[in-house]
Amino acid sequence: MAGRLSGKVCIITGSGGSMGRAAAILFASEGARVIGCDVNVESAIETMRLVKAARGTWFHSSPVI
C-alpha cells in the first residue's frame, strides 16, 4: 500500500537516532516529504542519504541547538 503519505510533510526530530531514522525511511517510502533534524549532524546526514537512496525527499538536516 505504497503512497499512503503522498503529498504530506513529516517533521522528525531525532532523525539521526534509530527510531527517528526508521520513521524517516518508512515515511519517505510511503511518499512523504521528510524534514529531519538531530543534534548529531553526522547521524542526520546518514539518515538523509538513506532516505534519498529510498527515493524519498529530504528537506533539512541542521542541528537543534
Measuring from [X]:[atom1] to [Y]:[atom2], what's the distance to the nearest 0.5 Å?
X: S43; Y: M48; atom1: OG; atom2: CE; answer: 12.0 Å
X: L50; Y: S29; atom1: CG; atom2: OG; answer: 12.0 Å
X: I12; Y: D38; atom1: CD1; atom2: CG; answer: 11.0 Å
X: E46; Y: R21; atom1: CD; atom2: CZ; answer: 5.5 Å
X: F27; Y: S15; atom1: CZ; atom2: OG; answer: 12.0 Å

**Study point:** Pairing residues for A28 by the side-chain contact (heavy atoms from CB on, under 4.5 Å) criterion, not counting sequence neighbours
**Key:**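 In terms of side-chain contact (heavy atoms from CB on, under 4.5 Å), with neighbours along the sequence ignored, A28 is linked to V34, V51.
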
Point to revise | Pairing residues for I11 by the side-chain contact (heavy atoms from CB on, under 4.5 Å) criterion, not counting sequence neighbours | key: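 Only I35 meet the side-chain contact (heavy atoms from CB on, under 4.5 Å) criterion with I11.
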
Review point. Do the side chain of S6 and the main chain of G3 share a donor and acceptor less than 3.5 angstrom apart?
Key: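 No, because the side chain of S6 does not come within donor-acceptor range (under 3.5 Å) of the backbone of G3.
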
Review point. At their closest point, which heavy atom of W58 faces which heavy atom of A44, and how far apart are they?
Key: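 Nearest heavy atoms, W58 then A44: CZ2-O, 3.9 Å.
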
